[in-house]
Amino acid sequence: MTAAYTLYAKPGFTATTIERLCSEARISNRAFYECFGGREELLQALHERCVDESLAVVAKAVEEAPAALDEKVKAGIRAYIEFATADWRRARIMHVEVRRSGDVLTLSRQRAVHAFARLVEDAVADFPPTVPLNRHLVALGVIGALQELLIEWLLTEDQPDIDELVDVAVHIFGRSLGTS
């Protein structure tokens, strides 16, 4: 798992062979196949671990935030961005390699997006909507925006500052969800 965490982040999933994984992990191919059915299954396990850890961090931040909606939004976004960017490999697996893997992680990625959408919907459930829009679709939209901001952070030469990412994401979420 440790070898895959690094190799799947760089050089990336498609460039990482089982032989390279096994060499890096200092295990035999046989030992690999005793644990995983293939490199796709290993990527899914890594992705799901990253998602589960991220969901826990964000849920805790939202729960501990002051009761105001804008404070909950800001706390959740900051927690997610700081957690994702604390280890570039995590951010890369969750936001770049998950897309580059083709159909391998389509269902896993969809489950992750819907889990984050539920978290957003739950966080705003006690607040009356300021506009009559489907909150599930709004949650999906703002999650997509946040993902694109993190992809920009990962792939651009002139990386935006983490505080700038947070400010932009909070603005997008706030305007979409009707916070101040």
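The shown structure was predicted, so the numbers you read here are calculated from the model rather than taken from an experiment.
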Peer 1: Among residues two or more places apart or on two chains, list those pairs meeting salt bridge (charged side-chain N to carboxylate O under 4.0 Å, His left out) that have a residue in residues 28-43.
Peer 2: Arg30-Glu34
Peer 1: Rounded to the nearest 0.5 Å, how far apart are CD1 of Ile93 and CG of Leu43?
Peer 2: 7.0 Å
Peer 1: Do Met94 and Arg109 touch side chain to side chain, with heavy atoms closer than 4.5 Å?
Peer 2: no
Peer 1: Return each pair, listed once, that meets ring pair (Phe, Tyr, Trp, His ring centres under 6.0 Å) where at least one residue sits in residues 47-76; pairs must be two or more places apart or across chains.
Peer 2: none
Peer 1: Side chains of His136 and His114: does their closest heavy-atom pair fall under 4.5 Å?
Peer 2: yes
Peer 1: Does atom CZ of Arg111 have more than 12 heavy-atom neighbours, drawn from other residues, nucleotides or ligands, at distances under 6.0 Å?
Peer 2: yes
Peer 1: What is the minimum heavy-atom distance between Ser176 and Val138, and which atoms define it?
Peer 2: O-CG1, 3.7 Å
Peer 1: Taking only residues at least two apart or on different chains, which pairs with a member in residues 148-173 satisfy side chain to side chain donor-acceptor pair (under 3.5 Å)?
Peer 2: Arg78-Asp163
Peer 1: On a heavy-atom basis, which atom in Ile143 and which in Ala117 lie closest, and how many Å separate them?
Peer 2: CD1-N, 3.3 Å
Peer 1: Going through the checks in order, is the side chain to side chain contact (heavy atoms under 4.5 Å, CB included) test met by Val120 and Phe173?
Peer 2: CA-CA 10 Å; Val120 171; Phe173 271 65; 4.1 Å; yes
Peer 1: Verify side chain to side chain contact (heavy atoms under 4.5 Å, CB included) between Val62 and Glu71, making sure each step is shown before the conclusion.
Peer 2: CA-CA 8 Å; Val62 169; Glu71 292 297 326; over 6 Å; no
Peer 1: Do NZ/NE/NH1/NH2 and the carboxylate oxygens of Glu63 and Lys72 come within less than 4.0 Å?
Peer 2: no
Peer 1: Which pairs, with at least one residue in residues 96-107 and sequence neighbours excluded, count as a side chain to side chain donor-acceptor pair (under 3.5 Å)?
Peer 2: Arg99-Gln147
Peer 1: A side-chain contact here means heavy atoms from C-beta on lying under 4.5 Å apart; do Ile81 and Leu146 qualify?
Peer 2: yes
Peer 1: About how many Å separate CG of Asn29 and OG of Ser23, when rounded to the nearest 0.5 Å?
Peer 2: 10.0 Å
Peer 1: Do the rings of Tyr80 and Phe116 sit parallel, tilted or perpendicular, given the 30° and 60° boundaries?
Peer 2: perpendicular
Peer 1: Taking the side chain as C-beta and beyond, is there a heavy-atom pair between Phe36 and Met1 under 4.5 Å?
Peer 2: yes
Peer 1: Any chance you could lay out the side chain to side chain contact (heavy atoms under 4.5 Å, CB included) test for Leu165 and Ile77, step after step, and finish with the verdict?
Peer 2: CA-CA 9 Å; Leu165 286 177; Ile77 289 170; over 6 Å; no
Peer 1: Look up atom CG in Leu46 and atom OG1 in Thr2, then write down how far apart they are to the nearest 0.5 Å.
Peer 2: 9.0 Å
Peer 1: With a 4.5 Å cut-off on side-chain heavy atoms, are Thr85 and Leu150 touching?
Peer 2: yes
Peer 1: Determine which pairs satisfy side chain to side chain donor-acceptor pair (under 3.5 Å) with at least one residue from residues 3-22, sequence neighbours left out, and list them in order.
Peer 2: Tyr5-Asp87, Thr6-Arg89
Peer 1: Starting from Val57, walk the hydrophobic network (Ile, Leu, Val, Met, Phe, Trp, Tyr; side-chain heavy atoms closer than 4.5 Å) and list everyone else you reach, by chain and number.
Peer 2: Phe83
Peer 1: Spell out, yes or no, whether Leu137 and Val113 are grouped together once hydrophobic residues are joined by side-chain heavy atoms under 4.5 Å, including indirect joins.
Peer 2: yes
Peer 1: To the closest 0.5 Å, what do you measure between SG (Cys22) and CD1 (Ile27)?
Peer 2: 4.5 Å
